[in-house]
Asks: 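Pasting in a structure now, in structure tokens, and then I'll have a few things to ask.
Protein chains get the first letters and strands the later ones, always in sequence-line order, with residue 1 at the start of each.
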Number of protein chains: 2
Amino acid sequence: MANQKINREQIIIQALETLQKSKSFTQFSLRKVATDLNVDASTLYWHFKNKQEILQAMAAYVVGRVKIPDTNLKWDDQLKQLFSNMFDVYERYPFSAILMIETIPSDLVRLKLIDHTIGIMVDAGIDEQTANVAATSFDFLLTGLNIDLTVENRFRQQIVQNKNAEMADHVKIIHQNIKNYDLKHMQSSVKIRNQFSAKEQFEMGLDLIIDGLKKRLN
Amino acid sequence: MANQKINREQIIIQALETLQKSKSFTQFSLRKVATDLNVDASTLYWHFKNKQEILQAMAAYVVGRVKIPDTNLKWDDQLKQLFSNMFDVYERYPFSAILMIETIPSDLVRLKLIDHTIGIMVDAGIDEQTANVAATSFDFLLTGLNIDLTVENRFRQQIVQNKNAEMADHVKIIHQNIKNYDLKHMQSSVKIRNQFSAKEQFEMGLDLIIDGLKKRLN
DNA sequence: ACCTGAACACCGTTCAAGT
DNA sequence: ACCTGAACACCGTTCAAGT
């Protein structure tokens, strides 16, 4: 069918697009990527060892889009800027947060980013150990909120399209449970989730942890 | 084959055991659960709507094992105790952190736990919004570190057994990259990871966020 | 009410064979 | 060097049919 030779980069770019079209991460498959590339599925195995290696390359590609903020900024502004950039990149590539979780940061791009993050804090006078813990916290908060966001978006789309009654049921069950059992704080929790965007919520979490860091600097 | 009737609880308990035996979350399948139950795979669909519903029930079961600490304790000790309990439960049921991510907290058990967590902070005088953000941060930090831990454990086992050369390769690549590119902070990061257990790292993160909360109470 | 068997539409991966 | 085709051992899910 296809007389053009393909390379690794074309595969991961198409893979990210195919992932974007998918309804869930589970629905994403190499066979679909191959079809979109007009190529047999087995062809991918000439370029990559297995699916895991492709996921790894996809994750590295996404992280590569993250821009490092100006190192002349104040340390807390650098952190806020950096993670804001990461948030935007993750949002640009759906399911990329899941990609990060499914995957190990062994490639240079991701290792460098972690190193840089810790470096910002260490340069500000925070001890290596605390900086490490903070970097981990930031990362998981970002990833977690992003996954939540992805799930929620899918829900809304599917509910609007009446395509997925189950998801609507889930939301109903949540609200019923909250009402029936009078879970006061969950009520305000739902309100806050509707009031603020995922990014704003992430920024609030970021601020909270940064406050923790500042308390230790004093 | 099987003349015994099975019920939902037996299915989720076996499912958790079958999950435990699995080498990865992806390897876990309903067909294996059915085999372990001496039952045809289609039987499960009489008791549950689909795989997602089974995962949901498994997650609820695991969260149900978490014990709520004495409400007479100081608020920060309550939080530490609660999440320490959660950490232990997650460790007892491998892949349960992934279960939480794959799944939506719509059931009562999980909603109640979130409500309780926020309540601890609100009762201490923290505003509803900050308490919400903090609860989210705690949860993602716990989940994230737990996933990391699970992945790492599998790696070590597989490396020791020489069963998975790829994983050993990953570790080698990480170390090579760190050396070749002189990623100083990653070097200390690796050291810290070896020095402290995942639980200790989690507790450090918890302390950091609690410090952030205390700074706001002042 | 509860379970089976067969079928359907999918997967990831391998490997001989082609160009 | 790069790709195909067929095959293998898996999946989740449905549904008529059994008891």
Side-chain angles (χ1 to χ4, degrees), chain A residues 1-16 18-19 21-59 95 98-99 102-103 154 158 163-167 169, chain B residues 1-16 18-19 21-59 95 98-99 102-103 154 158 163-167 169:
Chain A
M1 268 296 167
N3 347 24
Q4 289 179 35
K5 291 179 190 176
I6 56 170
N7 59 35
R8 286 171 65 105
E9 201 187 359
Q10 283 171 50
I11 292 174
I12 61 171
I13 288 174
Q14 179 58 58
L16 283 166
T18 306
L19 176 59
K21 291 192 299 181
S22 305
K23 288 188 180 172
S24 71
F25 193 80
T26 320
Q27 300 273 338
F28 170 76
S29 76
L30 295 190
R31 289 183 115 105
K32 284 175 187 159
V33 177
T35 303
D36 289 346
L37 282 169
N38 267 315
V39 134
D40 191 273
S42 57
T43 304
L44 302 179
Y45 287 80
W46 195 89
H47 298 275
F48 291 94
K49 198 173 174 185
N50 50 32
K51 190 179 186 179
Q52 189 61 33
E53 211 182 55
I54 294 183
L55 295 178
Q56 208 80 32
M58 290 164 74
F95 304 109
I98 298 179
L99 214 53
E102 297 268 345
T103 247
R154 300 284 143 178
Q158 289 171 334
K163 275 193 176 174
N164 205 328
E166 298 171 40
M167 295 310 176
D169 283 349
Chain B
M1 267 301 165
N3 348 23
Q4 289 179 34
K5 291 179 190 174
I6 55 169
N7 57 36
R8 286 171 64 105
E9 201 186 358
Q10 284 171 49
I11 292 175
I12 62 172
I13 288 174
Q14 179 59 59
L16 283 167
T18 306
L19 176 59
K21 291 192 300 181
S22 306
K23 287 188 181 171
S24 72
F25 193 82
T26 319
Q27 300 272 339
F28 170 76
S29 76
L30 295 191
R31 289 183 114 105
K32 284 173 186 161
V33 177
T35 303
D36 289 346
L37 281 168
N38 267 313
V39 136
D40 191 273
S42 57
T43 304
L44 302 180
Y45 286 81
W46 196 88
H47 298 275
F48 290 93
K49 200 174 173 184
N50 50 32
K51 189 179 187 179
Q52 188 61 32
E53 211 182 55
I54 294 182
L55 295 178
Q56 208 79 32
M58 290 163 75
F95 302 110
I98 298 179
L99 214 52
E102 297 268 345
T103 247
R154 301 284 143 179
Q158 290 171 334
K163 275 194 177 173
N164 204 329
E166 295 171 42
M167 294 310 174
D169 283 349

Asks: What is the distance, rounded to the nearest whole Å, between atom CG of A:N38 and atom C1' of D:dC3?
Replies: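 Interatomic distance, CG of A:N38 to C1' of D:dC3: 13 Å.
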Asks: At less than 4.0 Å, is any side-chain N or O atom of B:H47 found next to OP1 or OP2 of C:dC3? Yes or no.
Replies: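 True: B:H47 side-chain N/O within range (under 4.0 Å) of C:dC3 OP1/OP2.
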Asks: Does any non-hydrogen side-chain atom of B:V39 lie less than 4.5 Å from one of B:I11?
Replies: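 No; the side chains remain at least 4.5 Å from each other.
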Asks: Please give, in whole Å, the distance from D:dA1 P to A:I6 CD1?
Replies: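 Computing the A:I6:CD1 to D:dA1:P distance gives 16 Å.
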Asks: Looking only at heavy atoms, what is the nearest atom pair of A:E53 and A:K49, with distance?
Replies: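 Shortest heavy-atom separation between A:E53 and A:K49 comes out as OE1-N, 2.8 Å.
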Asks: Between B:R8 and B:H47 (side chain of the first, backbone of the second, donor and acceptor by atom type, cut-off under 3.5 Å), is there such a pair?
Replies: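 Pair found, side chain donor or acceptor close to backbone of B:H47.
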Asks: Figure out the CG/P separation between B:L37 and C:dC3, and round it to whole Å.
Replies: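 Spelled out: CG on B:L37 to P on C:dC3 is 10 Å.
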Asks: Given that both pair distances must be under 3.5 Å and the pair must be Watson-Crick or G-U, what runs of three or more consecutive pairs involve DNA chain D?
Replies: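 In DNA chain D, stems of three or more pairs: C:4-8 with D:12-16, C:12-16 with D:4-8.
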Asks: Treating A:Q52 as the side-chain partner and A:T103 as the backbone partner, does any N or O pair qualify as donor plus acceptor under 3.5 Å?
Replies: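 A pair under 3.5 Å: no.
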Asks: Please, which pairs that meet salt bridge (Lys or Arg N to Asp or Glu O under 4.0 Å) have at least one residue in residues 37-46 of chain B, sequence neighbours excluded?
Replies: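 Residue pairs passing salt bridge (Lys or Arg N to Asp or Glu O under 4.0 Å), neighbours aside: none found.
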Asks: Only counting residues at least two apart or in another chain, list the ones meeting salt bridge (charged side-chain N to carboxylate O under 4.0 Å, His left out) with A:D36.
Replies: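 Once residues adjacent in sequence are excluded, the partners of A:D36 under the salt bridge (charged side-chain N to carboxylate O under 4.0 Å, His left out) criterion are A:K21.
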Asks: Evaluate the side-chain proximity of A:L55 to A:M58: yes if any heavy-atom separation is below 4.5 Å, no if none is.
Replies: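 In contact.
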Asks: Using a 4.0 Å heavy-atom cut-off to protein, can you give one letter per nucleotide of nucleotides 8-19 of chain C, 5' to 3': B if the base is in contact, S if only the sugar-phosphate is, - if neither?
Replies: ---BBBBB----
Asks: Nearest whole Å is fine: how far is D:dC3 C1' from A:F48 CZ?
Replies: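 A:F48 atom CZ is separated from D:dC3 atom C1' by 16 Å.
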Asks: Test your reading of the model: is there a side-chain donor-acceptor pair from B:Q14 to the backbone of B:A34, 3.5 Å cut-off?
Replies: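 No.
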